[in-house]
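To start, the structure itself, in structure tokens.
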Amino acid sequence: MTEDLPSAEPTPFQKIVRGRRSIRRYLPTPIEREKLLACLEAARLAPSAHNGQPWRFIVVDDPGLKERLAAAAFSGIYSGSKFAAQAPVILVLLARTQFMAHGLGGRLQNVPFHLLDIGIAGEHIVLQAEELGLATCWMGWFNFRKVRKLLAIPRKYKIMAMMPVGYAEKRPRREPPRRALEEIVTYNGIDRE
Ligand SMILES: Cc1cc2nc3c(=O)[nH]c(=O)nc-3n(C[C@H](O)[C@H](O)[C@H](O)COP(=O)(O)O)c2cc1C
């Protein structure tokens, strides 16, 4: 990044944003109920198109069910995602897609607003977790069909993502590369190419 950003001591929020990583190694240590609830509460308060709040969250914290979920979700081509099963909690993020006003606005604008909504709510969980010393990882690589079947998720809910929540066994040292601000921001317009 070459553009100057304020160089003062990072604010608490900046520390959270800069410190967050996708964690792929978890301790078996259970997470405190209050911390889990704080994460879910952060999601509950997220903004959404038309205040539609289309999100639903399944908390899988029963060890037996979590094991069966992991076996279903992370087998075959998805086996690289097995690390998520180490976490004491796996969240399944759903969107209720039948909400009319929400759906209509999105169709008119040609934007699937529920995708934005779940993204925002999910990231509220991630950032709240980070503040509380917990680790998470967004997951889109798993067997959606088997997850739906195992958890008997009705069709009116679209499965959007899963997210392990727990304490990190290991945090990656290397910072994942990010594009420079100049590459992703233009002022007052954007080039044709
Ligand atoms: C929608 C979404 C889906 C993702 N799916 C996976 C996944 O299935 N498995 C995985 O290991 N990481 C997954 N990630 C994590 C990304 O790989 C990660 O955010 C990216 O490499 C940047 O690293 P960082 O989160 O540590 O900054 C996903 C992230 C997002 C936002």
Side-chain angles (χ1 to χ4, degrees), residues 1 5 10-28 31 39-40 42-43 46-49 54-60 66-97 106 111-151 153 157-181 183-185:
M1 188 184 332
L5 285 176
T11 65
F13 181 72
Q14 287 166 344
K15 278 191 192 153
I16 292 165
V17 171
R18 292 176 196 177
R20 182 212 57 81
R21 290 283 178 285
S22 291
I23 298 300
R24 300 185 177 88
R25 287 174 73 167
Y26 293 88
L27 297 169
I31 58 176
C39 292
L40 296 167
S48 57
W55 41 68
R56 298 291 184 274
F57 306 98
I58 303 179
V59 179
V60 178
K66 186 169 66 81
E67 207 172 295
R68 280 185 284 135
L69 177 65
F74 310 134
S75 56
I77 55 169
Y78 305 104
S79 57
S81 300
K82 274 195 179 128
F83 66 84
Q86 302 163 348
V89 171
I90 297 180
L91 302 178
V92 183
L93 281 62
L94 309 175
R96 201 181 156 152
T97 49
V111 174
F113 283 138
H114 63 278
L115 296 181
L116 292 174
D117 296 341
I118 304 300
I120 296 167
E123 194 59 13
H124 274 204
I125 293 177
V126 165
L127 295 177
Q128 177 63 85
E130 178 71 24
E131 191 204 34
L132 296 172
L134 294 170
T136 56
C137 186
W138 275 98
M139 307 218 38
W141 188 243
F142 59 88
N143 191 321
F144 280 56
R145 191 178 52 77
K146 287 193 177 171
V147 169
R148 182 179 295 284
K149 192 160 177 232
L150 181 81
L151 296 176
I153 299 170
Y157 300 112
K158 194 167 163 47
I159 300 176
M160 308 295 289
M162 302 218 300
M163 189 180 286
V165 186
Y167 285 99
E169 196 229 317
K170 198 170 152 216
R171 295 181 77 87
R173 285 238 200 99
R174 215 167 60 83
E175 289 211 9
R178 291 293 196 263
R179 295 181 195 281
L181 268 191
E183 247 190 282
I184 59 169
V185 182

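Atoms within a ligand are numbered from 1 in the order they appear, just like the ligands themselves.
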Side-chain (Trp141) to main-chain (Ile77) donor-acceptor, under 3.5 angstrom: yes

Nearest atoms (heavy-atom pairs only) where Phe83 meets Ile23: CE1-O, 3.8 Å

Arg18, Arg171, Lys15 screened by salt bridge (Lys or Arg N to Asp or Glu O under 4.0 Å) with Glu130, the one that passes: Arg171

Exam field: side chain Lys146 to backbone Ala71, donor-acceptor pair closer than 3.5 Å: no

Proximal atoms of ligand 1 relative to Pro176 (non-hydrogen, under 4.0 Å): 23 (O), 24 (P), 26 (O), 27 (O)

Atom pair CZ (Arg20) and CD (Glu131), whose distance is rounded to the nearest 0.5 Å: 15.0 Å

Heavy-atom protein contact below 4.0 Å for atom 6 (C) of ligand 1: yes

Which of the ligand 1 atoms, numbered from 1, are nearer than 4.0 Å to a heavy atom of Trp141: 8 (O)

Over all atoms of both residues, closest heavy-atom pair of Thr136 and Met163: CB-CG, 4.1 Å

Any N or O of Gly140 closer than 3.5 Å to N or O of ligand 1: yes

Closest approach of any protein heavy atom to atom 29 (C) of ligand 1, naming residue and atom: Trp138 CB, 3.4 Å

Atom 25 (O) of ligand 1: the protein heavy-atom neighbour that sits closest, reported with distance to 0.1 Å: Ser22 OG, 2.5 Å

Under 4.0 Å to a heavy atom of Arg20 - the qualifying atoms of ligand 1, by number: 24 (P), 25 (O), 27 (O)

Atom of Phe74, atom of Ser81 and distance for their closest heavy-atom approach: CD2-CB, 3.4 Å

Those atoms of ligand 1 less than 4.0 Å from some heavy atom in Phe83: 11 (O)

Of the listed options Arg174, Met139, Arg24, Arg21, closest to atom 16 (C) of ligand 1 (non-hydrogen atoms): Arg24

Close approach, Arg178 and ligand 1, non-hydrogen under 4.0 angstrom: yes

Any Cys137 heavy atom less than 4.0 Å to ligand 1: yes

Backbone N/O of Gln86 and side chain of Arg25: donor-acceptor pair under 3.5 Å: no

